[in-house]
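Only heavy atoms go into these numbers, but all of them, side chains included; no hydrogens, no water, no symmetry mates. As the structure lists them, so they are numbered: ligands from 1, and atoms in each ligand from 1.
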Amino acid sequence: MSLLARARDWLDERFHWAELIAPLKKKTVPVHKLTPWYFLGGITLFLFMIQVCTGILLLLYYRPGANEAFESVQYIMTQVRFGWLIRSVHSWSANLMIFTVFVHMFSVFFLKAYRKPRELTWITGMLLLFVVLGFGFSGYLLPWNTLAFFATKVGTQMAGSIPLVGKWILIFLRGGEEVTGATLTRFFGFHVAVLPGLATVLLATHLLLVQHLGMSVPPGVERRIAEGKEPARSMPFFPTFLLHDLMGWYAALGVLGALAAIFPWELGTKADAFASAPAGIRPEWYFVFMFQTLKFLPPKILFLEGEFAGLLGFGLAAAVWIAVPFIDRRAGFGRVTRFFTGLGVFALGYITLMSALAYWH
Ligand code: HEM
């Protein structure tokens, strides 16, 4: 008996392995020309796992505190063996993950995967997107360098422009009136405890729903199958789809490894609250479209502060986007709603255009 067969028998005797994977063997994944988009969620998951592992390694040396944070990151980069690589992988992977989560969101949007019965999958996905952006925002400050310090000042200031609750949000985020060591401790708490807790619950729900409901078939493909123009094809989830998924992870690892090794993540200079803000200060690329929009707005729009009107607009747009599965009720079996496809194209175009304008300026 081969070693592999013996290992399988051993597992089966103790853990009823065959029973455990039976549901996975029964599960199938639709095959059509849009199937590659099904791999984006898996790649995001892979990058998330990289974040957890490298984040734990960084925690072994990182010290939160205005007098220690920058020095501890400097120590990681210069003294700890492969510390620079771990930090570089963590930072690059965070950016790649935010990119893939956006691609995943837009792809499930255009495939109309949010249609009944997947409303909750969409909502947990949107909550995950906010959590992922929260990870980016809170993590950016942790090295306590000049750029991050001033970007956090600007970012939290924006929240402060909201009438009534703005001041409260600002103090809650900063842990006081100004960005200080208290802000850093607070952001550290969000980054390593609050957000990971939320992400675990949301991710478990999202993945359980995906497993339970199976992958959706886009309406266009459904129609072609119903009209007999295309055969209904599928592949087993285990092991075929999982092996395909693994290839996606392998490709992502290749890109990540190359970026992290060729372009090590920089540290910059230590934050100095008394220094003047460097020119051209702007947030991370995934917030830039909002930042640029606010810059274009006049100081007053009707009776509202320009900045607040902009934030209100983004809040309303986000609310509509979350509620899409409940508004787009006409999208159904074989039926695409062009209005919502147009809405997605508009959102994607707007984000791209505003970000491009910000970098071009
Ligand atoms: C950390 C973030 C996320 C992770 C790790 C994740 C992971 C996954 C995985 C592994 C799948 C199954 C494979 C696939 O269809 O790609 C999936 C499906 C899905 N995800 Fe996500 N996701 C995340 C964020 C989001 C976001 C932001 C949205 C949209 C708002 C979303 C909506 C969906 C939907 C609707 C499906 C079902 C697709 C279908 O049935 O065809 N997810 N997700």
Side-chain angles (χ1 to χ4, degrees), residues 24 27-53 55 93-136 139 195-222 234-235 237-238 240-249 251-252 286 317-328 331 333 336 340 343-344 347-348 351:
L24 297 183
K27 190 183 148 123
T28 57
V29 176
V31 177
H32 45 78
K33 66 175 192 294
L34 298 169
T35 297
W37 293 108
Y38 292 145
F39 298 116
L40 263 304
I43 293 178
T44 311
L45 182 64
F46 170 66
L47 292 170
F48 182 79
M49 292 189 292
I50 298 248
Q51 286 309 94
V52 175
C53 298
S93 172
N95 283 276
L96 285 180
M97 179 178 157
I98 292 174
F99 178 72
T100 58
V101 86
F102 269 109
V103 181
H104 174 52
M105 179 184 76
F106 276 108
S107 64
V108 293
F109 182 88
F110 288 123
L111 296 179
K112 311 264 172 193
Y114 53 74
R115 286 173 302 153
K116 196 178 164 190
R118 294 182 177 76
E119 297 95 330
L120 199 56
T121 319
W122 173 263
I123 290 177
T124 50
M126 278 307 291
L127 295 177
L128 273 170
L129 177 80
F130 294 137
V131 167
V132 164
L133 292 177
F135 268 120
L195 295 172
L198 285 175
T200 309
V201 175
L202 289 170
L203 206 54
T205 317
H206 194 69
L207 297 180
L208 277 174
L209 283 168
V210 170
Q211 281 309 311
H212 178 64
L213 298 168
M215 238 74 104
S216 69
V217 180
V221 176
E222 269 176 349
S234 63
M235 62 171 129
F237 178 80
F238 186 87
T240 319
F241 183 77
L242 267 186
L243 285 175
H244 279 75
D245 238 355
L246 222 57
M247 292 314 291
W249 295 16
Y286 36 90
V320 170
W321 193 253
I322 294 173
V324 152
F326 307 99
I327 311 173
D328 186 15
F333 186 86
V336 185
F340 284 89
L343 187 74
L348 193 57
I351 293 175

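- Protein heavy atom in closest approach to atom 41 (O) of ligand 1: Ser216 OG, 2.9 Å.
- With rounding to the nearest 0.5 Å, the separation of CZ in Phe241 from CE in Met215 is 3.5 Å.
- Shown in contact with Leu129 at under 4.0 Å from a heavy atom are these atoms of ligand 1, numbered in order with element: 27 (C).
- Salt bridge annotation for Lys112-Glu222: absent, with no cationic side-chain nitrogen under 4.0 angstrom from a carboxylate oxygen.
- Atom CZ of Phe99 has 12 or fewer neighbouring heavy atoms from other residues, nucleotides or ligands inside a 6.0 Å radius.
- Near Ala113, with a cut-off below 4.0 Å to any heavy atom, the atoms of ligand 1 are 35 (C), 38 (C), 39 (C), 41 (O).
- Met126 places none of its side-chain heavy atoms less than 4.5 Å from the side chain of Ile123.
- Close contacts between ligand 1 and Arg118 involve ligand atoms 40 (O) [criterion: under 4.0 Å to a heavy atom].
- Here 2 is the count of protein N, O or S atoms positioned under 2.8 Å from atom 21 (Fe) of ligand 1, waters not counted.
- Under a 4.0 angstrom heavy-atom cut-off, Ser107 registers as lying outside contact with ligand 1.
- Atom CH2 of Trp37 sits in a sparse spot, with 12 or fewer heavy atoms from other residues, nucleotides or ligands closer than 6.0 Å.
- The protein heavy-atom contact nearest to atom 13 (C) of ligand 1 is Tyr38 O, 3.2 Å.
- When each atom of ligand 1 is checked for a heavy atom of Val101 under 4.0 Å away, the hits are 2 (C), 24 (C).
- By the 4.0 Å heavy-atom criterion, Leu209 is excluded from the residues contacting ligand 1.
- Under 4.0 angstrom from ligand 1, there are no non-hydrogen atoms of Leu213.
- Phe130 has its side chain out of reach of Leu202: every pair of non-hydrogen atoms, C-beta onward, lies at least 4.5 Å apart.
- Looking at heavy atoms from C-beta onward, Tyr286 lies out of side-chain contact with Val132 at the 4.5 angstrom threshold.
- Note: Met97 CE to Leu45 CG = 8.5 Å, rounded to the nearest 0.5 Å.
- Residues Leu128 and Val101 form no side-chain contact, since every pair of their non-hydrogen atoms from C-beta on lies 4.5 Å or further apart.
- In this structure, CD in Gln211 is found 10.5 Å from CG in Leu209, a value given to the nearest 0.5 Å.
- Residue Gly214 approaches ligand 1 through these ligand atoms, each under 4.0 Å from one of its heavy atoms: 40 (O).
- Distance CH2/Trp122 to CD1/Ile322: 9.5 Å, rounded to 0.5 Å.
- Residue Met126 approaches ligand 1 through these ligand atoms, each under 4.0 Å from one of its heavy atoms: 30 (C).
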